[in-house]
There are 2 protein chains.
Amino acid sequence: MAVAKKITINDVALAAGVSVSTVSLVLSGKGRISSATGQRVNDAVEQLGFVRNRQASALRGGQSGVIGLIVRDLTSPFYAELTAGLTEALEAQGRMVFLLHGGREADQLLQRLDMLLSQGVDGVIIAGASGLSNELCERAAQKGVPLVFASRASYLDEADTLRPDNMQAAQMLTEHLIRRGHQRIAWLGGNSASLTRAERVGGYCATLLKYGLPFHSEWVVECDASQKKAAEAIGALLRHNPTISAVICYNEAIAMGAWFGLMRAGRQSGEVGVDAFFDHQVALGAFADVPENALDDLPIAWITTPAREMGYTLADRIMQRIERSDVAAGHQIVPARLVVGR
Amino acid sequence: MAVAKKITINDVALAAGVSVSTVSLVLSGKGRISSATGQRVNDAVEQLGFVRNRQASALRGGQSGVIGLIVRDLTSPFYAELTAGLTEALEAQGRMVFLLHGGREADQLLQRLDMLLSQGVDGVIIAGASGLSNELCERAAQKGVPLVFASRASYLDEADTLRPDNMQAAQMLTEHLIRRGHQRIAWLGGNSASLTRAERVGGYCATLLKYGLPFHSEWVVECDASQKKAAEAIGALLRHNPTISAVICYNEAIAMGAWFGLMRAGRQSGEVGVDAFFDHQVALGAFADVPENALDDLPIAWITTPAREMGYTLADRIMQRIERSDVAAGHQIVPARLVVGR
DNA sequence: TTGAAAGCGGTACCAA
DNA sequence: TTGGTACCGCTTTCAA
């Protein structure tokens, strides 16, 4: 299978017996072309297996049809889902995604941005940057390339940002538990240095206050995302505060561990019936990255950020910015979704 | 922040007081350039904030520095990890990844391949295709673009393929359990239509035979990737075959469910001591996609395919194919890694 | 060691 | 409705 000579519009023009400009017009659907010529050109394209070279077309001034994406950690389900949503939406429009990975540091990001710019992307999305962004914004603006941020918390102040509503998510979850009759609700997991967590805890706390329910700082427990640690932590928490009737878990791992911990505690105290296995006296709520999680067999109320839809929204947003320069940069907030386990 | 005039090598040449060809030479490090001129050019580049337009450079004949990746499902941890590894390795070389998503059907793949080709990629990787690939291979070969497949099982016969060694993985896991003294080992999970599963079951079965251990087809149980179903299935399995002392689980969800099932069974039979919680009489082994799983607190022997390293290897392989056309296409097999839980 | 100029594959303006 | 042609930004002979 030898490498065939590259097929260009010249070849197509020759085969169709027209000029290159005509071929170009047919390809882009512009100009008024007689259907006869159009037909002949398309036949030639088909026959020769011609694929249009977008680099050349972009070079001349058109759009490249490519969006650059710099994502902090593809391995995290949240970003994986977001990326999937973004590429899906973009592909549906015949556009593509340039994927760059990692880079928390400002200069690394800048370098990656340059890579994208040098490839002639139409727009850039940075998912999961935490640091400030002035330099980045300037560089992109200088090149006339729109830049949009997507993150999990409200780090950036001036940039065009899409982010989940962490407070509202925590409120929804807390309210759900309250409506289920819980009055003494604790918090388990996360690191107090996390902004996402801070926003969530804020929502939790505000909701308690709103309903006139007690808030104790000892009921907000930090914990690594390890099942074992979570199991131990919830055990200790309940031992010291036996009146707690519901616990909000910071993420899946914490929730799993908490559930184990409850089971163990139940057994040890000998208070639980035979089928307490799927039925606890302490209710759990939890934040989860992805809805279709393998853990959704658990009797837990999950609240999730629709990461895939964030991807769709991002696609819309960046396309708007690309197509109309008058779109104002601003913050857009994505609401969370409650999933009540069986 | 107005859009500054685009800066080209012409501007750089002007600023440095040399010709464009000289600038080009300096940029690509070719030609013999006096260090004085080189310095002046680099200064100008720095000052103007020039970024080289790779589309133009690729158009003229150079490489684009871009690898196309079509991945079946980014949302699967395995492919996410693989993608992360690939981009990481490629970025380290100053190259980039075009990400395309989905497309199991042959014509969808073909269409996506065309998108990549039209962007002038240097090579294409398809991760997770199951169908045959003749058309794809031809199309790529016709364009002179190397094509490499990465998959989880040996679907493709003639193509250049990288894949995990499912048989060996199953062998390792089975042998591990045997060395731990288990003689009656069952299999739980997966769908019999899955080729990956077939390869794994093959390895499991072969190892049993090799050690002269009993194999019963009733001990190989199909099961959806649901915790609840897995818990029920393992319960039924052990009820009917109480002599089974170890179970190999097809994936994480199955393993989790199996573990629950064991716990429940233990409680119901009342045979287990108080701390049987982390200590079962039936041992579990499991396949897992990603090593650093939240589940690794469980006392389970995991076997994982090093997906990230598969990404690195893929990067190497495609680069070889790009740089030297004499590299033979062939199958390359990635060994698995055993992780013995605490 | 450096410069001039001819493309790479398209697009789009201006004529015909 | 079509064709001719000057570019887009860069690389690469070939001369100077």
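Letters go in sequence order (proteins before strands), and every chain restarts at 1. For the numbers below, each heavy atom of this structure counts, side chains included, while hydrogens, waters and symmetry mates do not.
Of the possible donor and acceptor atoms, none in the side chain of B/Arg163 sits under 3.5 Å from a partner among the backbone N and O of B/His331. Side-chain N or O atoms of A/Arg95 include none that pairs as donor or acceptor with a backbone N or O of A/Gly65 at under 3.5 Å. Under a 3.5 Å cut-off, the side chain of B/Glu91 and the backbone N or O of A/Leu100 do not form any donor-acceptor pair. Remark: the backbone N or O of A/Gly120 is paired with a side-chain donor or acceptor of A/Ser64 at under 3.5 angstrom. In this structure, B/Gln332 contributes its side chain and B/Leu314 its backbone to no donor-acceptor pair below 3.5 Å.
In this model, the phosphate group of D/dT11 is approached by a side-chain N or O of B/Ser24 to a distance below 4.0 Å at OP1 or OP2. OP1 or OP2 of C/dT2 sits under 4.0 Å from a side-chain N or O of B/Thr37. Considering only side-chain N and O atoms, A/Thr22 lies under 4.0 angstrom from the phosphate OP1 or OP2 of D/dG3. Residue A/Arg60 places no side-chain N or O under 4.0 Å from the OP1 or OP2 atom of D/dG9. Contact annotation: B/Ser34 side-chain N/O to C/dT2 OP1/OP2 distance is under 4.0 Å.
Nearest to the side chain of B/Ser19, among C/dT11, D/dC10, C/dA4, sits C/dA4. Set against D/dG9, D/dT11, D/dT5, the side chain of B/Ser57 has D/dT11 as its closest nucleotide. The nucleotide whose nearest atom lies closest to any side-chain atom of B/Leu59 is, among C/dC8, C/dG3, D/dA6, C/dC8.
Spacing between atom CG of B/Asn10 and atom C1' of D/dC7 amounts to 12 Å, rounded to whole angstrom units. One atom, NZ of A/Lys30, and another, P of D/dT2, lie 18 Å apart when rounded to the nearest Å. We find that CD1 of B/Ile33 is positioned 8 Å from P of C/dG3, with the value rounded to whole Å. Rounded to whole Å, the distance from CG on A/Leu14 to C1' on D/dG3 is 14 Å. In this structure, CG of B/Leu117 is placed 13 Å from P of C/dG10, rounded to the nearest angstrom. Atom CD in B/Gln55 sits about 12 Å away from atom C1' in D/dC10, given to the nearest Å. Rounded to whole angstrom, the span from the CZ atom of A/Arg40 across to the P atom of D/dG3 amounts to 8 Å. What separates CG of A/Leu25 from P of D/dG4 is a distance of 13 Å, to the nearest Å.
As judged by a 4.0 angstrom heavy-atom cut-off over every strand, A/Val51 is placed among residues touching the sugar-phosphate backbone only. B/Ile9 comes within contact range of at least one nucleobase, with a heavy-atom separation under 4.0 Å. Residue contacts shown for A/Thr8 are limited to sugar-phosphate atoms, with no base heavy atom under 4.0 Å away. No engagement by A/Arg54 is indicated, since no non-hydrogen atom pair under 4.0 Å with the nucleic acid exists. Note on A/Val18: only backbone sugar-phosphate atoms sit closer than 4.0 angstrom, heavy atoms only; bases stay farther off.
No option in A/Leu116, A/Ile126, A/Asp160 other than A/Ile126 meets the side-chain contact (heavy atoms from CB on, under 4.5 Å) test with A/Leu147.
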